[in-house]
Amino acid sequence: MDIVFLVARILVALIFLFSAFGHIAAANAMAQYAAYKGAPGGKAGVILSGVAMGIGGVMILLGVWGEIGALLIAATLIPITFFMHAYWKESDAQAKQTEQISFNKNLGLIGGALALFLLFASQGAAMGLTITEPLITLA
């Protein structure tokens with residue numbers, strides 16, 4: 001089962017590592033889009049969210065305080081989901097559907113991050129192939 005958990009961690013981490021790269025490499029364009037969507041923070045917010053996703057992704061991937069990395073990802077996704085994918089604000093049917101799909105996807109990613117948090121925090125190194133024990137433990 002250690003290998004299955006490792007593969008799952010790799011796949012989840014890749015989503016956030018690719019996203020982190022995109023946030024940092026295209027920070028200007030993403031900041032303009034975030035401003036258009038009404039998200040606060042500007043370019044600094046885009047870079048900060050990219051850094052948070054990158055750090056969280058690496059922590060999950062390597063199993064270095066993976067529960068902290070999972071919480072970091074969830075905490076980053078919550079405001080992004082509500083600011084960037086506010087489908088209820090869209091008047092165009094196609095735009096509304098696109099944003100609702102992205103909103104729902106992010107809800108699933110938040111749920112997955114919270115599930116990873118639970119696994120790392122409750123099972124610790126027993127999950128296998130991790131570098132550190134969790135900082136937060138749930139008995």
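The shown structure was predicted, so the numbers you read here are calculated from the model rather than taken from an experiment.
Nearest heavy atoms, P134 versus G124: CD-CA, 3.5 Å. Nearest heavy-atom pair across W65 and E133 is CD1-O, 3.2 Å. Here the shortest heavy-atom pairing between G56 and L72 reads N-CD2, 3.8 Å.
I101 and Y33 are members of different hydrophobic clusters when ILVMFWY side chains are connected at heavy-atom separations under 4.5 Å. Tracing side-chain contacts under 4.5 Å through hydrophobic residues (I, L, V, M, F, W, Y), one reaches I131 starting from L116; they form part of the same cluster. Criterion: ILVMFWY side-chain heavy atoms under 4.5 Å apart, direct or through other members. Under it, M53 and V46 are not part of a common hydrophobic cluster.
Between atom CZ of residue R9 and atom CG of residue L119 there is a gap of 10.5 Å, rounded to the nearest 0.5 Å. One finds the CG atom of L61 at 7.0 Å from the CG atom of L14 (value rounded to the nearest 0.5 Å). If you take CZ on F120 and OG1 on T132, they are separated by 8.5 Å, rounding to the nearest 0.5 Å. The CG atom of N28 lies 4.0 Å from the NZ atom of K43; values are rounded to the nearest 0.5 Å. Remark: I68 CD1 to I136 CD1 distance equals 3.5 Å, nearest 0.5 Å. To the nearest 0.5 Å, atom CD1 of residue I47 and atom CE of residue M30 are 11.0 Å apart.
Outside the 6.0 Å centre-distance limit, the rings of F16 and F21 are not counted as a close aromatic pair.
Using cut-offs of 30° and 60° on the angle between ring planes, the pair F82 and W88 is tilted.
At distances below 3.5 Å, not a single donor-acceptor pair connects side-chain atoms of H85 with backbone N or O atoms of T81.
Listed by chain and residue number, L109 satisfy the side chain to side chain contact (heavy atoms under 4.5 Å, CB included) test with I15 (two or more places apart in sequence, or in another chain). Among residues two or more places apart in sequence or in another chain, the salt bridge (Lys or Arg N to Asp or Glu O under 4.0 Å) test is passed with E90 by K37.
Heavy atoms from other residues, nucleotides or ligands lying under 6.0 Å from NZ of K89 number 12 at most.
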Query raised in the report: So N104 and Q100, side chain to side chain contact (heavy atoms under 4.5 Å, CB included) or not? Walk me through it.
Result: CA-CA 6 Å; N104 291 341; Q100 188 168 14; 3.8 Å; yes
Report task. For side chain to side chain contact (heavy atoms under 4.5 Å, CB included), just list the numbers for D2 and M127, CA-CA rounded to whole Å, side-chain angles, deciding distance to a tenth of an Å, and then say yes or no. Result -> CA-CA 6 Å; D2 292 355; M127 289 304 302; over 6 Å; no
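Among I10, V58, I60, the one residue that satisfies the side chain to side chain contact (heavy atoms under 4.5 Å, CB included) test with L17 is V58.
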